[in-house]
Amino acid sequence: MRSARKLQQLALTVNGRSLHHHHPQRAPAVGIIGAPFSKGQPRGGVEKGPDLIRTAGLLQKLQEQGCEAKDYGNLTFEEFPDDEPVGQVKNARAVGSANQRLSEAVKAVKKDGHTTVMLGGDHSLAIGSIHGHSAAVGQLSVVWVDAHSDINTPLTSTTGNMHGQPVSFLLHELQSKVPALPNFSWLKPCLSARDLVYIGLRDVDPGEHYFLKFLGVKVFSMTEVDQLGIGKVMEETCDYLCTRGNNPIHLSYDVDAIDPTVTPATGTPVVGGLTYRDGIYITEQIRHTGLLSAVDMVEVNPLRAQTEEGVRSTVSTAVDLLLGCFGRLREGNHPQEYVPPEP
Ligand SMILES: [Mn+2]
């Protein structure tokens, strides 16, 4: 795919003048799955994320930019009234069960030929989303955009909240560190540490930092974003994923990756985050690879902003990030069949 595009770029260069423009990729069919689930963390409100993002016009805006988009509605989740902590871990039964359902749903929507968009909900849902995606298409690359690395195990976590642990459940390399939990027997690890790239980290626990270093995970923390700029970060990310075999990409996007001045309506905001422009650029470049196969957009929580404007800004940023994933360019777009009117 990469070399085909290179050839095309060459063909579009005439007399040294680049006529290169973004090759119009076939508009992908988008399949939206709502996951109004909040038991991976203690704060109510994050279950409102999917409907808020829909109300902001996601489906219509995707269609307006030429995407075939289908809304599969919201999943419903089993309640576990006696979900006692297992060691430190809170709501293990609810989280295990919800992710099993989500995994089946993502797998089915992938098999249906769609690029999935999972609207969370909290980030514990990445367990089911990535598992189901991998079950449908095989080996994945995961780009995890987040202030946090979410790679605690149930034993390194100090809070017991599972939204800070999903990556540990998914990685082959950490299985000996993850204890068995109720409603998790369906889950088999499906991801290698070398197929994971982080962008935006700035709040990483000691155990998490150990795992990232020990496993040699590719990390672009905010330090690297400052040092290299987002342009170089994305160039290196895409080159790295290329060396890993150009596998289908799963983009797991936590809105708290973006600076809380822009996305304050989230459960665990951390100062010093990505700008709106950095955030959008990530989606444009991932889209440009032609490999994007599934997206998570998680941790939008309207009850956590101080103002209505804070909620609006967070939700509209989440929508803009998703539009960027599916072809919206800041340079502008026009349909492939567009013909300008003649007088
Ligand atoms: Mn997260």
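Start at 1 and go down the list; that is how both ligands and their atoms are numbered. The analysis underlying the following values was restricted to heavy atoms, covering all of them including side chains, and did not include hydrogens, waters or symmetry mates.
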Check your understanding: Cluster question for you: counting only ILVMFWY and a side-chain heavy-atom cut-off of under 4.5 Å, with indirect links fine, are I127 and V89 together?
Key -> yes

Point to revise | Hphob cluster co-occupancy, V86 + W186, side-chain heavy atoms under 4.5 angstrom | key: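 Per the 4.5 Å side-chain linkage, V86 and W186 are co-clustered.
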
Review point. Below 4.0 angstrom, N of the basic side chain to O of the carboxylate: do E309 and R312 qualify?
Key: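 R312 and E309: salt-bridged.
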
Practice item. Output the distance between atom CD (Q175) and atom NZ (K188), rounded to the nearest 0.5 Å. Key: 9.5 Å

Point to revise | Under-2.8 Å protein N/O/S neighbours of the Mn ion (ligand 1), ordered by chain then residue number | key: H123 ND1, D146 OD2, D150 OD2, D254 OD2

Exercise for review: Report the C-alpha separation of S149 and E208 in whole Å, then their side-chain angles, then the decisive distance to 0.1 Å, and conclude whether the side chain to side chain donor-acceptor pair (under 3.5 Å) test is met.
Suggested key: CA-CA 7 Å; S149 52; E208 294 187 294; 3.1 Å; yes

Point to revise | Residues S221 and E224: side-chain donor-acceptor under 3.5 angstrom | key: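 Their side chains do contain a donor-acceptor pair, which is all the 3.5 Å distance test asks for.
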
